[in-house]
Structure formats: structure tokens, C-alpha cells
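Everything below concerns the one structure shown next.
All heavy atoms count here, side chains included; hydrogens, waters and symmetry mates do not. Computed from a predicted structure; not experimentally measured. Position 1 is the first residue of the sequence; numbering continues from there.
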Amino acid sequence: PLTVVLSAKGWVRAAKGHDVDAGALSYRDGDALLAAVPGRTTQQAVFFDSTGRCYSTPAHSLPSARGHGEPLTGRFTPPAGASFDAVAIGDDATRLVVATTHGYGFVGTFDSLLSRNKAGKQIVSLTEGARILQPAPSADTARDRIVVATSQGHLLMFSVAELPELDKGKGNKLVEIPKKQLASGEELVVGVAVIAEGGGVTVHSGQRHYTLKWSDLVEYGGNRAQRGGIQHRQRARPRPPGQDVEAGRMRDGGLPLARHPGDHGEVPELLAGRGLAPQVLQVLDHEWPFVFRHSTTEAVEAVTPDGVGDIV
């Protein structure tokens, strides 16, 4: 077993085992954890760039986590200006929910993502301004549920079976976001995760957290492309002056969170310690950013930094 660790600036390495505190690893100055996924040395690792292209390499060939790793640009030749935004690992038959911040997605088989070319291959058709989210593996597409969260706090759960299975493309609409809010970037999809039937969601706010059990999530159940519900256990408030998020690539959303300044600096460390890939799409007044990940325990976790969202 190993854990593939991808940094916000596109450096990769592999740590032995699955019990890895990826956030505690050392990173180059100005860099931070983006994503960490468990797998095996016999599998392929796939990387998604910001243009929708995929690149693959044998997991056993990745450098050891004892150092900082190596830049993916040494292995692949992405388009000029592209960044690496997500990573996945699996067997050929593994199915992943591939989604974007504009709320479109599809189910893809892992083997369809593989490419022997250093230039990779185009997989996701991105609308202007959209970014790829961390893919969510599904062990049983007929029974699993997908949970979708937006930056305005809307939550929708529906069956993974409602999504088409594609080799490439844009996919279908996951959740309804008003056109004006989507175009302005006021509201975007900030995370998707897949849970087994009966699973739950743990929401973290600073050092506090609460759990939405399956019986709670049913309230947000519906069909694909619906608006979803607002989490009734949160109260959004304007952020204090100067509470901006500093990130290596902060630009119109789709941001890997490097750190949150001021009194909220513990938030990224908390996430990294849990092996999360922190992503905040926007931090605006009256907005609650979610951070989701799919875990080996089939849990879905979201994080809302104190000062932006409160648990009530």
C-alpha cells in the first residue's frame, strides 16, 4: 500500500502505507498539500490539469515521500500555464465521479483516463472559468449516493446512477445554480463526494464539528440538477475585514487553500492533519465555503473556517 501526495504547486511523491499524515510532510517554501489518495504500488496514478487533460504514470515509479518529491512537469508536458488540480489512483475497472466547479459531471472508468503520451489526453470539457474538483470513487454506482455542495451552502444528495458513464466530455448538470450567480462566480460547486447508502457527513468548523447522519442527509435527497437545500444548522455571517484567503493560485475561484491568515491560521493545519485536500472556491461576505473529501471510511467531510460560517 502507498499514498500518493500531490502539492498545490504540482509536486508529487508516494508515501508507504495508508496511515499517512500528508499534511505533516515537509513542503517547499510557498507550497502546501493539495490532495492525498491511498492506493497500491501495482496501480496507475492519474493527474488532472486545469485544462481538463489527464496524465498517468505507474504509482511505483513515484519518488519517495522522504523528500519533496518531483514536479509533474518533469514527467508530463501540459499546456502552457496549466496547473495540476487533482489526482486519482485505482484499478482499470474503478469508477470515479468526475465533476467541475460549474456543476457538471459524469462517471468515468479509470482505464479511460489512462494515457501513454506525455501530453496526456483531453478528458473533461470545461466551460470558461470552470475547474476540476477532486474525483470521488464509487464502489457501487447502482447504490452509492453523490453529495454536492455549493459555495452558498446548498447541499444535494442523489444517486450516482443518475449520471451518465462517459469516456470524456462535459457530463450532465449535478445541481441547479442560478445563471447570474454562476456567471459572476458568486456561487460555484466546491466539492463532490460519494458515500455508500447509510453513510454520513461530518462538518468541521475550526476545532468544532457535527455529524449529519444518513437520516439527516435524507432531507437533502433529491434528483440530479435540482437546487438542493440550505444547511439549516449553519448561520453565515460577513467575514471580518482583511479575512482573505491567501493561496498560491488565487484567481476567480478553484483555489487550493494554502493558509488562512490571522486567527484562522489553524484551519489548513487541521485539514492537512486529517489528510484532506483543502479547497475553497471563494470567500465572500455571507458565503460559507465547504471543503469535501471522500475517505476510506466512506465518510464525507466538509470544513467551514470560523469567521465565515458558524454552527448553531
Side-chain angles (χ1 to χ4, degrees), residues 35 37-39 43 46 48 52 54 85-114 123-126 130-150 154-177 188-203 211-229 231 276-277 279 290-302:
V37 293
Q43 295 174 320
V46 167
F48 296 76
C54 277
D85 287 352
V87 59
I89 189 170
D91 298 316
D92 287 353
T94 299
R95 283 170 167 75
L96 301 168
V97 173
V98 180
T100 72
T101 57
H102 281 189
Y104 285 84
F106 59 89
V107 176
T109 56
F110 197 83
D111 62 347
S112 69
L113 307 177
L114 302 178
I123 295 294
V124 186
S125 299
L126 294 169
R131 303 293 289 254
I132 293 177
L133 297 167
Q134 180 65 22
S138 175
D140 186 348
T141 56
R143 297 173 61 86
D144 286 347
R145 302 293 195 275
I146 179 173
V147 181
V148 184
T150 80
H154 281 265
L155 202 67
L156 176 66
M157 181 176 73
F158 60 90
S159 174
V160 173
E162 292 190 52
L163 292 177
E165 187 167 310
L166 304 173
D167 288 337
K168 61 181 180 179
K170 178 180 177 180
N172 288 359
K173 182 184 290 188
L174 304 178
V175 63
E176 175 64 28
I177 297 177
L188 299 167
V189 173
V190 293
V192 298
V194 172
I195 60 172
E197 187 174 4
V201 175
T202 301
V203 183
T211 298
L212 294 177
K213 299 179 181 179
W214 179 258
S215 57
D216 301 316
L217 286 173
V218 168
E219 296 182 27
Y220 304 101
N223 295 318
R224 181 189 63 80
Q226 291 182 334
R227 185 67 172 120
Q231 282 214 49
L276 297 175
Q279 283 193 324
F290 283 79
V291 178
F292 266 67
R293 68 110 167 179
H294 38 80
S295 74
T296 55
T297 59
E298 296 184 334
V300 184
E301 298 191 89

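- Within a 6.0 Å sphere centred on CG of Asp167, heavy atoms belonging to other residues, nucleotides or ligands number 12 at most.
- Here the closest heavy-atom approach between residue Gly222 and residue Glu162 is recorded as O-OE2, 3.9 Å.
- Taking both residues in full, the closest heavy atoms of Tyr104 and Lys170 are given as CB-O, 3.5 Å, listed atom of the first, atom of the second, then distance.
- Ala193 and Ala136 make their closest contact through CA-CB, 3.9 Å (heavy atoms, listed as atom of the first residue, atom of the second, distance).
- Within the model, atoms CD1 of Ile132 and CG of Leu126 stand 5.0 Å from one another, a figure rounded to the nearest 0.5 Å.
- Across Leu133, Val192, Val190, a single residue satisfies side-chain contact (heavy atoms from CB on, under 4.5 Å) together with Val148, and that is Val192.
- Note that the CD atom of Gln226 and the CE atom of Met157 stand 12.0 Å from one another [nearest 0.5 Å].
- When side chains are defined from C-beta on, Leu174 counts as touching Phe158, because their heavy atoms get closer than 4.5 Å.
- Val160 places none of its side-chain heavy atoms less than 4.5 Å from the side chain of Arg95.
- Counting heavy atoms from C-beta on, the side chains of Asp91 and Phe110 never come closer than 4.5 Å.
- Between Pro164 and Asn172, the shortest heavy-atom distance links the atoms CD-ND2, 3.5 Å.
- With a 4.5 Å cut-off on side-chain heavy atoms, Thr109 and Asp92 do not count as touching.
- At distances below 3.5 Å, at least one donor-acceptor pair connects side-chain atoms of Asp144 with backbone N or O atoms of Ala139.
- One distance of note links CD of Gln43 with OG1 of Thr94; it measures 6.5 Å at 0.5 Å rounding.
- The structure places OG1 of Thr100 at 11.5 Å from CG of Asp85, a figure rounded to the nearest 0.5 Å.
- Closest heavy-atom contact between Ala35 and Gln134: CB-OE1, 3.6 Å.
- Rounded to the nearest 0.5 angstrom, Leu96 CG and Phe48 CZ are separated by 6.5 Å.
- Looking at heavy atoms from C-beta onward, Ile89 lies out of side-chain contact with Val87 at the 4.5 angstrom threshold.
- A side-chain donor-acceptor contact under 3.5 Å links Arg145 to the backbone of Arg143.
- Listed here is the closest heavy atom pair of Glu176 and Ala225: CB-O, 3.3 Å.
- Surrounding NZ of Lys168 are at most 12 heavy atoms belonging to other residues, nucleotides or ligands under 6.0 Å away.
- Side-chain contact between Arg227 and Leu156 is absent, with no heavy atoms from C-beta onward closer than 4.5 Å.
- Contact of the Leu155 side chain with the Val147 side chain is registered, since non-hydrogen atoms from C-beta on lie closer than 4.5 Å.
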Open item on the list: Could you go through Ile146 and Arg224, starting from their C-alpha distance and side-chain angles, then the distance that decides it, and tell me whether this counts as side chain to side chain contact (heavy atoms under 4.5 Å, CB included)?
Closed with: CA-CA 10 Å; Ile146 179 173; Arg224 181 189 63 80; over 6 Å; no
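- By the 4.5 Å heavy-atom criterion applied to side chains, Leu166 and Val98 are not counted as neighbours.
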